[in-house]
Amino acid sequence: LARHANNRNVWRNLRDLFPYPYTEADAVAFIDKARAQSPERLYAIEVAGEAAGAVGIAQRDDVERISAEIGYWLGEPFWGHGIMTEVVRAVTRHALGTFGLTRVFAVPYEWNPASFRVLEKAGYVCEGVLQRSVIKDGQIIGQRLYAFVVDAPGQLPPEHD
């Protein structure tokens with residue numbers, strides 16, 4: 001996990017809570033946090049027997065408790081192979097069914113069109129642009145708001161393209 005996470009190109013597309021450099025101690029802390037959750041909301045992404053990334057669901061609370069944010073990363077050697085699209089679909093399906101959600105959303109940075117494509121292929125729709133909404137790597141940038149919204153009971157993302 002640490003080998004793939006310790007990559008500036010990965011870090012650049014994530015929140016600052018994701019450390020860089022990413023050490024083995026960071027990986028152990030992530031695994032411990034994931035194991036302590038009940039129900040589970042953090043998952044490692046395994047590719048060919050190795051931990052290649054992670055995905056998580058952050059459910060909102062109070063009146064927004066029917067919504068959750070999905071966050072994900074994948075090691076750079078695995079980019080461009082459709083892996084993350086399948087992961088986002090599967091975790092979205094799981095989250096909708098497990099947590100009684102009506103909406104799962106993501107807010108990728110404006111400089112990450114690959115993430116836009118992942119979300120679009122997984123059935124998410126771009127709802128808008130959040131201009132100058134975050135600061136990352138010393139730059140003030142925007143985000144796009146993508147969401148998979150359930151219009152009818154049992155509605156799930158497509159399983160395949």
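Not measured: the values here are computed from a predicted model.
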Separation between OG of Ser115 and CG of Leu74, rounded to the nearest 0.5 Å | 11.0 Å
In short, salt bridge (Lys or Arg N to Asp or Glu O under 4.0 Å) pairs touching residues 24-36 with sequence neighbours left out are none
Which heavy atom of Cys126 sits nearest a heavy atom of Arg144, and at what distance?
-> SG-CD, 4.0 Å
Minimum heavy-atom distance between Leu96 and Val150, given as atom pair plus value | CD2-CG2, 3.6 Å
First locate atom CZ of Arg93, then atom OG1 of Thr98, and finally report the distance between them rounded to the nearest 0.5 Å.
-> 11.5 Å
Does a side-chain heavy-atom distance below 4.5 Å link Tyr20 with Arg12?
-> no
Pairwise side-chain contact, Val88 with Val55, heavy-atom cut-off 4.5 Å (strictly under) | no
Are any non-hydrogen side-chain atoms of Arg15 and Lys136 less than 4.5 angstrom apart?
-> no
Test item: Asp137 side-chain N/O and Gln139 main-chain N/O as donor-acceptor pair under 3.5 Å = no
In terms of heavy-atom contacts, Gly138 and Ile135 come closest through C-CG1, 4.2 Å
Close side-chain approach of Val125 to Phe148, heavy-atom, < 4.5 Å = no
Are any side-chain N or O atoms of Glu76 and backbone N or O atoms of Asn7, one a donor and one an acceptor, separated by less than 3.5 Å?
-> no
Would you check if Val87 and Tyr43 make a side-chain contact, meaning some heavy-atom pair closer than 4.5 Å?
-> no
Can a salt bridge be assigned to the pair Arg117 and Glu120 using a cut-off of 4.0 Å between side-chain N and carboxylate O?
-> no
Can you check side chain to side chain contact (heavy atoms under 4.5 Å, CB included) on Tyr22 and Val10, steps first, answer last?
-> CA-CA 10 Å; Tyr22 193 102; Val10 169; over 6 Å; no
Any chain of hydrophobic side-chain contacts (each under 4.5 Å) joining Val107 to Val129?
-> no
Among Tyr124, Phe116, Tyr109, find the one that has a ring-ring contact (aromatic ring centres under 6.0 Å, His included) with Tyr146.
-> Phe116
Kindly indicate whether the side chain of Val134, heavy atoms from C-beta on, has any atom under 4.5 Å from the side chain of Ile141.
-> yes
Mind checking what makes side chain to side chain contact (heavy atoms under 4.5 Å, CB included) contact with Val47, not counting sequence neighbours?
-> Ile45, Ala52, Phe78, Ile83
Euclidean distance, Gln143 CD relative to Gln131 CD, rounded to 0.5 Å | 11.0 Å
Can you hop from Val104 to Leu145 via hydrophobic side chains spaced under 4.5 Å?
-> no
Is there a side-chain contact between His94 and Ile57 (heavy atoms, below 4.5 Å)?
-> no
May I have the step-by-step check of side chain to side chain contact (heavy atoms under 4.5 Å, CB included) for Trp11 and Asp16, ending in yes or no?
-> CA-CA 8 Å; Trp11 167 84; Asp16 285 344; 4.3 Å; yes
Out of curiosity, Asn6 CG to Leu1 CG, how far, rounded to the nearest 0.5 Å?
-> 11.0 Å
Any Leu119 side-chain heavy atom under 4.5 Å of Pro108 side chain = yes
Could you tell me which non-hydrogen atom of Lys121 sits nearest to which non-hydrogen atom of Arg89, and how far apart they are?
-> O-NH2, 2.6 Å
Spell out, yes or no, whether Trp79 and Phe18 are grouped together once hydrophobic residues are joined by side-chain heavy atoms under 4.5 Å, including indirect joins.
-> yes
Please test Gln59 against Glu64 for side chain to side chain contact (heavy atoms under 4.5 Å, CB included), starting from the C-alpha separation and ending with a verdict.
-> CA-CA 8 Å; Gln59 190 169 0; Glu64 294 177 324; over 6 Å; no
